[in-house]
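Below, each value reflects all heavy atoms present in this structure, side chains not excepted, and no hydrogens, waters or symmetry copies.
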Amino acid sequence: MDQLLRHDLILRLLPGKEDAISINTIRQRVASQGIDVSIKTIQRDIVDLALQYPQIRSKPMGKANLWWAEKSLSRLYMLPTDAMNLVMIMNHAARFGMAAQVQKLAPIRDYAVSLLKGNRPAQDCTGKVISNTRFVVLEPSPVNPDVLEVIQQALLEDESVEALYLKRGAHEPRLLHLKPLGLSYQDSNIYLSCIFKGLPKGQVAALPLHRFQSAKATWENLEAPNDFDINSNEARRSLISQRSEHPVRFKLRVSQALYERLDENALTTDQQLQPTADGWWLMTGSLHLSQGLDLWLLSQGEHLEVLEPMELREQIATSAKRMAALYEKS
């Protein structure tokens, strides 16, 4: 039996202080659940668990100790279906620039995997859930784990950081005195929302973490903007190149093939689809104007025409003409 599963069972079997039990009783209760191991194994298990959970206590009773859980434990326990969800989420995150973070959560992932494996090889379900995407995903840029840890600690403690940052195209790194405001895991990279000395007042920067060469805490603390919200329009302008303060109403002409996709996976929460006389469909909805919207519209190729707003139509048309010109060269 996997040690993680045995540990979890022991955690669930430990009573409160008034009903403290001996190692032998723990072994008997574990055995009643179909796990027959030696007293020595249970002794090692309970010592390991006591090191992990300060809530686990013991008191001498004759030549032995009685064990209990002082209060409700925050312990690893989940249904196999939840374990399948967790493995899927962590595998997906690892593919999108968070492999190092997933690795640090290895004990949780290992526990979930152990639930999927079960007691017999025939029960191994670890290969039945995978992470895929129809889009080509760029390889994540490597992030210095020490830099990430310094940034995370600064966020937790509301401190400032001194960092060496190499801007794209620059030959030498720049020393920045910055105040971390939040982290955004997007696409294959991690972006830091921050302010730094020299940045115009009221502006928030978004800096890719892989361009940081080093970082350390500094005693001189910068003052964060009042009520900063990483989901605000101000933050999203720098993080995802959002261009509009509010969602913009737009109208698209889409092909039958794209209609079938949008009918199952809506582009907006207020999406409306209406058929037209020429076999196409009229799609209306509201979204913020952003780089992400531009990229999605262009990725649909001949299956989509932007009708409104006019400035978005002209922008997409210009990009399409430039792209077509590349293929018209002999």
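Not a single donor-acceptor pair under 3.5 Å links the side chain of Asp187 to the backbone N or O of Asn189. Looking only at distances, no side-chain donor or acceptor of Thr276 sits under 3.5 Å from a matching main-chain atom of Leu282. The backbone N or O of Leu287 lies less than 3.5 Å from no partner atom in the side chain of Thr268, so there is not a single donor-acceptor pair. Remark: the backbone N or O of Leu199 is not paired with any side-chain donor or acceptor of Gln203 at under 3.5 angstrom. At distances below 3.5 Å, not a single donor-acceptor pair connects side-chain atoms of Gln186 with backbone N or O atoms of Ser188. Without hydrogens or angle criteria, Asp270 side chain to Gly285 main chain gives no donor-acceptor distance under 3.5 Å.
Residues Asn144 and Gln213 have side chains that never bring a donor and an acceptor to within less than 3.5 angstrom of each other. Between the side chains of Gln153 and Glu149, not a single donor N or O lies within less than 3.5 Å of an accepting N or O. With no hydrogens or angles considered, no side-chain donor-acceptor pair links Ser22 and Asn24 at under 3.5 Å.
Side-chain contact check for Lys179 versus Cys194: every heavy-atom pair is 4.5 Å or farther apart. Side-chain contact between Leu295 and Phe135 is absent, with no heavy atoms from C-beta onward closer than 4.5 Å. Between Arg243 and Asp294, some side-chain heavy-atom pair lies under the 4.5 Å cut-off. Using a 4.5 Å heavy-atom threshold, the side chains of Leu181 and Ile195 count as touching. Using a 4.5 Å heavy-atom cutoff, the side chains of Trp68 and Asp19 are not in contact. The shortest side-chain heavy-atom distance between Ile26 and Leu14 falls under the 4.5 Å cut-off. Two residues are said to be in side-chain contact when any heavy atoms from C-beta on lie closer than 4.5 Å; Ile190 and Gln101 meet this criterion. With a 4.5 Å cut-off on side-chain heavy atoms, Val254 and Arg261 do not count as touching.
Hydrophobic clustering, with ILVMFWY side chains joined whenever heavy atoms are under 4.5 angstrom apart, keeps Ile316 apart from Leu307. Note: the hydrophobic cluster containing Leu273 also contains Leu293 (ILVMFWY, side chain heavy atoms under 4.5 Å, direct or indirect links). Both Leu176 and Leu183 are assigned to one and the same hydrophobic cluster, defined by single-linkage of ILVMFWY side chains at heavy-atom distances under 4.5 Å. Placement of Leu312 and Val248 within a single hydrophobic cluster is found when ILVMFWY residues are connected by side-chain heavy-atom separations under 4.5 Å, directly or transitively. Hydrophobic cluster membership differs between Leu166 and Leu175, with clusters built from Ile, Leu, Val, Met, Phe, Trp and Tyr side chains linked at under 4.5 angstrom.
Looking at every heavy atom in both residues, Val150 comes nearest to Ala215 through CG2-O, 3.5 Å. Between Leu289 and Ser244, the shortest heavy-atom contact is N-OG, 2.9 Å. Between Ala20 and Leu66, the shortest heavy-atom distance links the atoms CB-CB, 3.7 Å. Taking both residues in full, the closest heavy atoms of Ser160 and Asn221 are given as OG-OD1, 2.6 Å, listed atom of the first, atom of the second, then distance. Contact detail for Leu155 and Gly182: the closest heavy-atom pair is CD2-N, 3.5 Å. Among all heavy-atom pairs drawn from Phe228 and Ser193, the shortest one is CZ-CB, 4.1 Å.
Note that CD of Gln300 is 7.5 Å distant from CG of Leu262, once rounded to the nearest 0.5 Å. Taking NE2 of His7 as the reference point, atom CZ of Arg12 lies at 13.5 Å (rounded to 0.5 Å). Of the inter-residue distances, the one linking Met90 atom CE with Leu86 atom CG reads 5.5 Å to the nearest 0.5 angstrom. Here CZ of Arg236 is found 8.5 Å from CG of Leu239. Values are rounded to the nearest 0.5 Å. In this structure, the separation between CG on Leu304 and OG on Ser255 is 8.0 Å, given to the nearest 0.5 Å. How far CD1 of Ile42 is from CZ of Arg27: 8.0 Å, rounded to the nearest 0.5 Å.
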Could you go step by step and tell me if Arg174 and Lys167 meet the side-chain contact (heavy atoms from CB on, under 4.5 Å) rule?
CA-CA 8 Å; Arg174 175 186 175 187; Lys167 187 177 180 180; over 6 Å; no

Stepwise side-chain contact (heavy atoms from CB on, under 4.5 Å) check, Thr41 with Asp45:
CA-CA 6 Å; Thr41 297; Asp45 287 341; 3.9 Å; yes

If you apply the rule side-chain contact (heavy atoms from CB on, under 4.5 Å), what do you find for Asp263 with Trp281, and how did you get there?
CA-CA 11 Å; Asp263 190 45; Trp281 291 77; over 6 Å; no

Going through the checks in order, is the salt bridge (Lys or Arg N to Asp or Glu O under 4.0 Å) test met by Arg253 and Glu308?
CA-CA 10 Å; Arg253 180 172 173 263; Glu308 296 176 3; over 6 Å; no

Show your reasoning for whether side-chain contact (heavy atoms from CB on, under 4.5 Å) applies to Ile21 and Leu13.
CA-CA 10 Å; Ile21 55 178; Leu13 291 174; 5.7 Å; no

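Within a 6.0 Å sphere centred on CD of Gln272, heavy atoms belonging to other residues, nucleotides or ligands number 12 at most. The 12-atom threshold is exceeded at CD of Glu260, counting heavy atoms of other residues, nucleotides or ligands nearer than 6.0 Å. Summarising the local packing, CD of Glu172 is surrounded by 12 or fewer heavy atoms from other residues, nucleotides or ligands at distances under 6.0 Å.
Applying the salt bridge (charged side-chain N to carboxylate O under 4.0 Å, His left out) rule to Glu220 yields the partners Lys197; only residues at least two apart in sequence or on another chain are considered.
The pair Asp48-Arg6 does not count as a salt bridge, with every side-chain nitrogen at least 4.0 angstrom from each carboxylate oxygen. The existence of a salt bridge linking Glu305 and Lys251 is excluded, since no basic side-chain nitrogen approaches an acidic carboxylate oxygen closer than 4.0 Å.
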